[in-house]
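Structure first, then comments.
Start at 1 with the first residue, then count along the sequence. Please read all numbers here as calculations on a predicted model, not as lab measurements.
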Amino acid sequence: MKKKAVALVLAAAMCVTSLAGCGSSTASTTENASGEVSEAVVDESGKVDGVMYKVGLPLVDEGTYGFSIFCDDSKEKPEYYMLDEFKKQTNVDVEMRIFPYETATERLNLDLNSGDYADVVGGWTLSDSMILTYGVNQGVFIPLEDYFAEYCPRITEILDLPGVREEMTAPDGHIYAIPYVCDDTKVGYSPYINGRWLKNVGMDMPTTTEEFEAVLKAFKEQDANGNGDPDDEIPFSADPNNKHIESMTGWFGLPMGKSGIGILDDEVVFAGASSTYREFLSWFNSLYEQGLIDLEIFTQDSSTWEGKGNRDLYGVSIAYGSGEFSGIVLEGGEKSEFDVLPVLNTDKGGMWMRDTNGFSVYRTQAVITDNAEHPEVICRWFDNAFQLENGIGCNRGPVGTVVFKEDDGYRAIDVKTLSEEDQEKFSWGNLWPQSLPKYMPSGFKYIEDHPTYNEKKVMEDTYEPYLTKTTIPSFWIPLDKIDRYSDIASALTDYFNQRQAMFISGEMDIDDDTQWQSYVDGLYALGLEDWMDVRGIEKVVE
């Protein structure tokens, strides 16, 4: 394990009044956040282990320190505008190790097993079980709360927001991740329907599953996209990495989230073995058999899904937002051609899972590993990234180019007034690795001459009357059950998703009682009851 120069704190105390006048070399020892004793040498120039301690910006002397970040991103060329800006501000070099989400988890596991992992591991590949396994149990991910308290006023303010510190703190009392706290949509992933296609086939917005099926049939049988080819339409698809197909069980009265967790009468239950889920699968299988579902829905990657959408081949798709796959904007740029598909069967109890109450804490987006030589510099680098104008840059675009300070606020310009090159340069995905933590104060609003169409707000307003009152609660695994739970959770999730695909595609017969019972028995055989016990779920809905 590489030594951490936590002794920079000591060096700061010795030299903060006049770094240049620190005198001759001095050696000091201190105990770091992992409990190891390390020695840092302060030389004649005031440097500590070769890194100049800076109270403000830049953080270090130019060319003296850099660190690496592993994270996932769909970008082919991982270049981010704000990373270059942070280099100018801090003098810290950052090496990005970017992998597509589809392969990032496998690559991260290989790196962790080999010991050749990055200084920072971030992105959607991390999970609670990884924090507990590699942090609490193995010490590969290091505790950060002492660094935050000593060096990071902005991160400390975030941790002091209601409930955040509690959410971030692992069962052993340590905080292992950089907090990612943000206003959030009440529903993450939901279906969007092509409004132009609806007009082309002369149908209204569906409100029931029967009407929805009729619309999908019309999309398939007619030239819904109007390109002269009546056979290229794909009525329904979903984000390959976030299919959320089980969410549609809510249309049948039992809202569900990933891994089969549902909410029934405000109680968190396991719904993945329920007759309601089976009813949904049977209906969805019938759509698949009719050719109304993307034949590649279980095999395609993100680029394939997006490519089809950009060719105007989708009538409906589940996504975080329609812009992720459509790439089509009506004249004037006010909204996508896609509309929010409402919750169906609301007159028969149709509902949808509430993901958040408008505010989310992501506690597994970035950790610092024991390969990092100066974790205190990394913590300060992230703390600087959370400064307001840097947060604006990561979320909307750089201040002075896309956003301008105006009195007590910030005015955002219409990016379409920029050159095509700059529109691409300052597009959301090119600003910052969006799977890494960033921060904007809750409720922050831009001054806008031409406000962009807020598709997520429309979706929230449409769904709010039919959302569950509660969300699926977060939890930490008891320390003595980490290994067992991790094994069960991974096996159950894989099994749940595999059998879902098999039932929908017809590889297994959802209407065959024996095959359904075999699936249910498999859940228990993999440890369903132990998994529920750890999560505090008391009931299996049958």
Side-chain angles (χ1 to χ4, degrees), residues 69 71-75 78-90 94 96 98 120 122-124 152 154-155 157-158 161 164 177-188 319-324 333 336 355-356 358-366 381-406 408-418 422-460:
I69 300 179
C71 72
D72 55 281
D73 199 304
S74 59
K75 287 169 59 66
E79 298 178 1
Y80 305 96
Y81 181 85
M82 291 306 295
L83 282 182
D84 292 336
E85 291 300 297
F86 294 162
K87 168 66 184 303
K88 297 174 185 176
Q89 294 172 15
T90 66
V94 176
M96 295 302 303
I98 299 288
V120 174
W124 300 109
C152 305
R154 296 183 187 91
I155 291 178
E157 288 181 5
I158 294 169
L161 293 172
V164 174
I178 308 290
Y180 182 5
V181 178
C182 59
D183 288 345
D184 203 353
T185 177
K186 297 174 184 177
V187 176
Y320 186 82
S322 67
E324 291 189 325
S336 161
D355 290 330
T356 80
F359 183 80
S360 285
V361 179
Y362 298 96
R363 63 189 183 195
T364 62
Q365 293 305 117
W381 186 89
F382 273 102
D383 196 67
N384 177 65
F386 290 172
Q387 185 265 344
L388 177 59
E389 292 195 355
N390 284 336
I392 290 173
C394 292
N395 282 275
R396 188 65 176 264
V399 175
T401 305
V402 176
V403 179
F404 294 86
K405 185 77 171 69
E406 184 174 297
D408 294 330
Y410 290 85
R411 179 175 295 278
I413 67 170
D414 183 352
V415 295
K416 289 185 173 55
T417 62
L418 301 175
D422 281 349
Q423 288 183 48
E424 175 67 16
K425 181 178 181 180
F426 301 125
S427 63
W428 183 75
N430 288 334
L431 293 173
W432 171 253
Q434 297 296 342
S435 63
L436 292 179
K438 53 186 177 177
Y439 181 68
M440 291 294 294
S442 180
F444 180 89
K445 301 292 183 184
Y446 296 99
I447 303 168
E448 296 182 283
D449 292 327
H450 304 286
T452 56
Y453 176 75
N454 194 336
E455 183 177 68
K456 296 300 287 188
K457 179 66 164 58
V458 173
M459 184 275 296
E460 284 187 342

Under 4.5 Å between any side-chain heavy atoms of [X] and [Y], yes or no?
{"X": "I98", "Y": "C71", "answer": "yes"}
{"X": "F444", "Y": "L388", "answer": "yes"}
{"X": "F86", "Y": "Y80", "answer": "no"}
{"X": "P179", "Y": "V361", "answer": "no"}
{"X": "F386", "Y": "I178", "answer": "yes"}

Please confirm whether the backbone N or O of [Y] pairs with a side-chain atom of [X], one donor and one acceptor, at under 3.5 Å?
{"X": "Q434", "Y": "C394", "answer": "yes"}
{"X": "K456", "Y": "V187", "answer": "yes"}
{"X": "S435", "Y": "D72", "answer": "yes"}
{"X": "N390", "Y": "N384", "answer": "yes"}
{"X": "K405", "Y": "G400", "answer": "no"}

- Check step by step if side chain to side chain donor-acceptor pair (under 3.5 Å) holds for E455 and S322. CA-CA 8 Å; E455 183 177 68; S322 67; 2.6 Å; yes
- Message: V402 vs V415, test: side-chain contact (heavy atoms from CB on, under 4.5 Å). Steps then yes/no.
- Response: CA-CA 7 Å; V402 176; V415 295; 4.0 Å; yes
- Are N430 and S427 close enough that a side-chain donor and a side-chain acceptor fall under 3.5 Å?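 N430 vs S427: donor-acceptor pair found between side chains.
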- Message: Can you classify the ring geometry of W124 versus Y180 as parallel (below 30°), tilted (30 to 60°) or perpendicular (above 60°)?
- Response: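 Judged by the thresholds at 30° and 60°, the geometry between W124 and Y180 is tilted.
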- Task: Report the C-alpha separation of S442 and D183 in whole Å, then their side-chain angles, then the decisive distance to 0.1 Å, and conclude whether the side-chain contact (heavy atoms from CB on, under 4.5 Å) test is met.
- Result: CA-CA 6 Å; S442 180; D183 288 345; 2.8 Å; yes
- Check side chain to side chain donor-acceptor pair (under 3.5 Å) between D184 and all other residues, then give those that pass, not counting sequence neighbours.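 Here the qualifying residues are S360, Y362.
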- Item | side chain to side chain donor-acceptor pair (under 3.5 Å) involving E389 - partner list, sequence neighbours excluded |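 Expected list: Y410.
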- Query: Would K457 and E460 pass as an ion pair if we require N to O under 4.0 Å?
  - Reply: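 No salt bridge links K457 with E460.
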- Message: I'd like to check the salt bridge (Lys or Arg N to Asp or Glu O under 4.0 Å) partners of K425; sequence neighbours left out, ordered by chain and number.
- Response: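 With neighbours one apart ignored, the set is empty.
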- Task: Could you tell me whether R154 sits above the aromatic face of Y439, with NZ or CZ closer than 6.0 angstrom to the six-membered ring centre and within 45 degrees of the axis?
- Result: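 No, a cation-pi geometry is absent between R154 and Y439.
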